[in-house]
Amino acid sequence: MEFEIRLSGPVEVAAAGRCGDIGSTKTRLAFAALAWDASRTVGMETLIHRIWDEDPPFKAREALHAHVSRIRKALRVAGGSAPAVVSSTNAYVMRVDPDRVDLRRYTSCVDQARSLKDSRDDAAALRLLDHAAGLWRGEPLAGITGSWAARLRATVAESGLAAAMLRADILMRAGRFADAVPVLLPLADEHPVDEALTEQLAIALYGSSRTAEATRLLQRTRQRVVRDIGLDAGRRLRGVQQGILSGAPAAALLEGTGSGTGTGTGISTGTSTNTRTDPRAGSTPAPQPPPPPHPTASPTTSPATSPG
């Protein structure tokens with residue numbers, strides 16, 4: 001019997017066309033904490049922290065055992081193909097193929113799409129991004145609070161942003177600038193100081209004959225970067241702005257941004273890695289600070305890295 005563990009949207013397990021009830025909020029959180037690390041051993045102390053943060057119950061291990069018992073019962077909906085939750089010394093492991101966990105498959109598709117794009121197989125990369133988009137059902141771990149759940153959402157959101165930028169890069173390199181705009185535009189307000197995103201969106205707008213919008217976007221981002229971070233925009237963003245003002249071809253600007261590249265870690269931040277200039281210190285370069293966490297993932301795009 002085919003089954004799927006769903007962490008995108010409400011936490012649930014689906015089999016034979018129906019969804020099984022995992023149980024209470026804490027049980028669903030324990031289930032997600034194991035499923036995210038499918039086939040990897042997770043220590044009991046790690047699980048306790050993921051479920052209760054800094055406020056565990058007096059008998060936390062006994063409470064964890066009770067939640068695991070409920071998870072095993074809930075997994076019976078998958079019949080003989082149900083994953084086993086196995087205990088070992090001070091740890092548990094959910095023995096299941098990570099591809100059975102929707103968000104693990106989602107981020108894997110994004111990573112594979114990036115590799116295919118780097119090897120010039122854009123058509124296959126877009127198919128994988130489409131598959132990833134089909135896995136998206138809403139905010140990860142819907143209805144569950146806590147610091148670990150928030151970190152997981154931020155991690156998946158990074159992958160979603162990377163997927164959107166990868167898709168837009170493929171579209172623009174094929175000359176489809178107008179198609180790239182709706183992929184990037186919804187993300188601009190969520191990531192107002194992400195320079196790599198701004199660069200891509202500005203080029204997409206410019207390539208779609210929306211030059212005034214591109215110019216306003218670049219100016220607004222530069223002002224926001226100075227206000228929020230205290231540094232001038234990076235060299236690449238300033239180069240895109242100058243190129244647009246001088247009437248350079250959009251394709252040439254795209255080549256100059258190095259867009260669509262990842263960090264090599266499996267999760268792309270989508271943020272430009274070029275240096276900035278502190279306007280208060282003349283031309284002294286300063287390293288770019290890390291981007292803020294992204295609270296949501298793009299529903300039109302696509303963890304191998306555990307959030308803790």
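The figures that follow rest on heavy atoms only: side chains count, while hydrogens, waters and symmetry mates do not.
Checked by atom type and distance alone, the side chain of Asp37 never pairs as donor or acceptor with a backbone atom of Arg40 at under 3.5 Å. Here the side chain of Gln200 pairs no donor or acceptor atom with the backbone of Ala168 at under 3.5 angstrom. Here the side chain of Arg104 pairs no donor or acceptor atom with the backbone of Pro98 at under 3.5 angstrom. Checking side-chain atoms of Arg72 against main-chain N and O of Ala84 turns up no donor-acceptor pair under 3.5 Å. The backbone N or O of Gly23 sits nowhere less than 3.5 Å from a side-chain atom of Thr27 that would complete a donor-acceptor pair. Side-chain atoms of Arg100 never come within 3.5 Å of backbone atoms of Glu4 as a donor-acceptor pair (strictly under, hydrogens ignored). No side-chain donor-acceptor contact under 3.5 Å links Thr46 to the backbone of Val42. Between the Arg105 side chain and the Asp99 main chain, a donor and an acceptor come within less than 3.5 Å of each other. A donor-acceptor pair is defined here as one N or O able to donate and one able to accept, closer than 3.5 Å; no such pair exists between the side chain of Lys117 and the backbone of Leu166. A donor-acceptor distance shorter than 3.5 angstrom exists from the side chain of Arg137 to the backbone of Ser8, with no hydrogens or angles considered.
Leu116 pairs with exactly one of Asp121, Asp111, Ile170 by the side chain to side chain contact (heavy atoms under 4.5 Å, CB included) rule, that one being Asp121.
Shown here are the ring pair (Phe, Tyr, Trp, His ring centres under 6.0 Å) partners of His67, two or more places apart in sequence or in another chain: Trp52.
Across all non-hydrogen atoms, the minimal contact from Leu184 to Ala164 is CD2-O, 4.0 Å. Taking each heavy atom of Val181 and Ser208 in turn, the nearest pair found is CG2-OG, 3.8 Å. The shortest heavy-atom contact between Gly239 and Leu253 is O-CD2, 4.5 Å. Shortest non-hydrogen contact noted between Ala162 and Arg114 is CB-NH2, 3.7 Å. Nearest heavy atoms, Ala35 versus Val101: O-CG2, 3.6 Å.
A donor atom on one side chain and an acceptor atom on the other are not found under 3.5 Å apart for Gln219 and Thr215.
Put simply, the side chain of Ile22 does not reach to within 4.5 Å of the side chain of Leu75, judged on heavy atoms.
Under a hydrophobic clustering in which Ile, Leu, Val, Met, Phe, Trp and Tyr are joined whenever their side-chain heavy atoms come within less than 4.5 Å, directly or via other members, Phe31 and Val93 fall into different clusters.
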